[in-house]
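Structure record follows, encoded as structure tokens.
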2 protein chains.
Amino acid sequence: MNTELPAALHRQLQADSELSLPDYDVLVQLTDTAEARVRVLDLARALRWERSRLSHHIKRMENRGLVRREEVPGDGRGAFVVLTPAGRRTIEQAAPAHVRAVRRLIFDAVGEEELAALGAVLDKVLARLDEGAELPGV
Amino acid sequence: MNTELPAALHRQLQADSELSLPDYDVLVQLTDTAEARVRVLDLARALRWERSRLSHHIKRMENRGLVRREEVPGDGRGAFVVLTPAGRRTIEQAAPAHVRAVRRLIFDAVGEEELAALGAVLDKVLARLDEGAELPGV
DNA sequence: CCTGCATAGTTGACGTATCACCTAATACCT
DNA sequence: AGGTATTAGGTGATACGTCAACTATGCAGG
């Protein structure tokens, strides 16, 4: 399921818009903030992505005109990622169908109490992952 | 979780062997069959992979000497994927630590009845995915 | 000031995944 | 047999992710 569910959502997005699932995740983060402007590191944390991955992805999205980078006044190292008007238009156009797809594939299928049980299980495994972050000793 | 759990298992495999998680999955399928020899299409179905993906992956594994292709006597189009001795050695050496990691991250954390609940939820969503295979209408 | 270290972010190389398309062999149908 | 459709599998282009290494700025202690 952890491959086929994202794959299905990805295909739906591609069919209805020019966005990939990761594109969508990035844009959601940006629209969720007041200024549609986020520091790269904060964005990486919110998405639980590596900085490197985000950097590559932002570059691709920048080439397509969905976002752009901007300098940070106080800190010469930092960078903002900023939603462009085109980016905003794109996600606003793509969101409804995506939300419907998520509802149809998950929430219509599962039921509330099951969902809670699922959440509990996932949290436990995530906690395991965090505590054993230095895995390779097993 | 669907990104970080595979990522953790992947890192563990890489640390303890020269295998990636997909490599491991392929090798498991091969060792699970009597002759360590499987038709490409059967392998793709068992892994729930696209033929194309499998073809690319087999080529990479072939270059590393883990598997090799073999002709099918009756059918000039087909191909077997065959486990090489090196491939067998590699997976036998890698499996114990991987099994331990899976147990530690999942089965130690979750508990039997929760696991059953999890399975039920995943099955429902998978059923949704199959029935709505022609998604993009939403 | 200046040396050293930490932080923010980028880059290049490489493995992986998908898509659209291609080739060759087989099956089917008359 | 001859023509068409189907099936098995492979390929090239491109996007995605990770790792290791890099640049440049900031910052702290002497």
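Protein chains get the first letters and strands the later ones, always in sequence-line order, with residue 1 at the start of each.
Looking at A/H57 and A/R60, their side chains do bring a donor and an acceptor atom within 3.5 Å of each other.
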> Going 5' to 3' along nucleotides 13-20 of chain C, which nucleotides have protein heavy atoms under 4.0 Å from the base (write B), which only from the sugar-phosphate (write S), and which from neither (write -)?
Replying inline: B--BSBBB
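Contact check for B/F80 versus B/E71: no side-chain heavy atoms found under the 4.5 Å cut-off. Side-chain contact between B/V38 and B/Q29 is absent, with no heavy-atom pair separated by less than 4.5 Å. With a 4.5 Å cut-off on side-chain heavy atoms, B/R53 and B/L47 do not count as touching.
C/dA6 atom P lies 17 Å from atom CG of A/D75, rounded to whole Å. Between B/L41 atom CG and C/dT26 atom P there is a gap of 16 Å when expressed in whole angstrom units. One atom, CE of A/M61, and another, P of D/dG17, lie 12 Å apart when rounded to the nearest Å. Note: CD1 (A/I58) to C1' (C/dA8) measures 14 Å, nearest angstrom. Atom pair B/R77:CZ and C/dA25:P shows a separation of 10 Å (rounding to whole Å applied). A straight line from NZ of A/K59 to C1' of C/dG9 spans 11 Å, rounded to a whole angstrom. Atom CZ in A/R48 sits about 13 Å away from atom P in D/dT18, given to the nearest Å.
Evaluation of atom-type donor-acceptor distances gives a pair under 3.5 Å for the side chain of B/R51 against the base of D/dG9.
Which of C/dG9, D/dG9, C/dT26 sits closest to the side chain of B/R39 comes down to D/dG9.
Between the side chain of B/R128 and the backbone N or O of A/R104 there is at least one donor-acceptor pair closer than 3.5 Å. The backbone N or O of A/L126 sits nowhere less than 3.5 Å from a side-chain atom of B/E4 that would complete a donor-acceptor pair.
Checking the phosphate oxygens (OP1, OP2) of D/dG9, no side-chain nitrogen or oxygen of B/R69 falls inside 4.0 Å.
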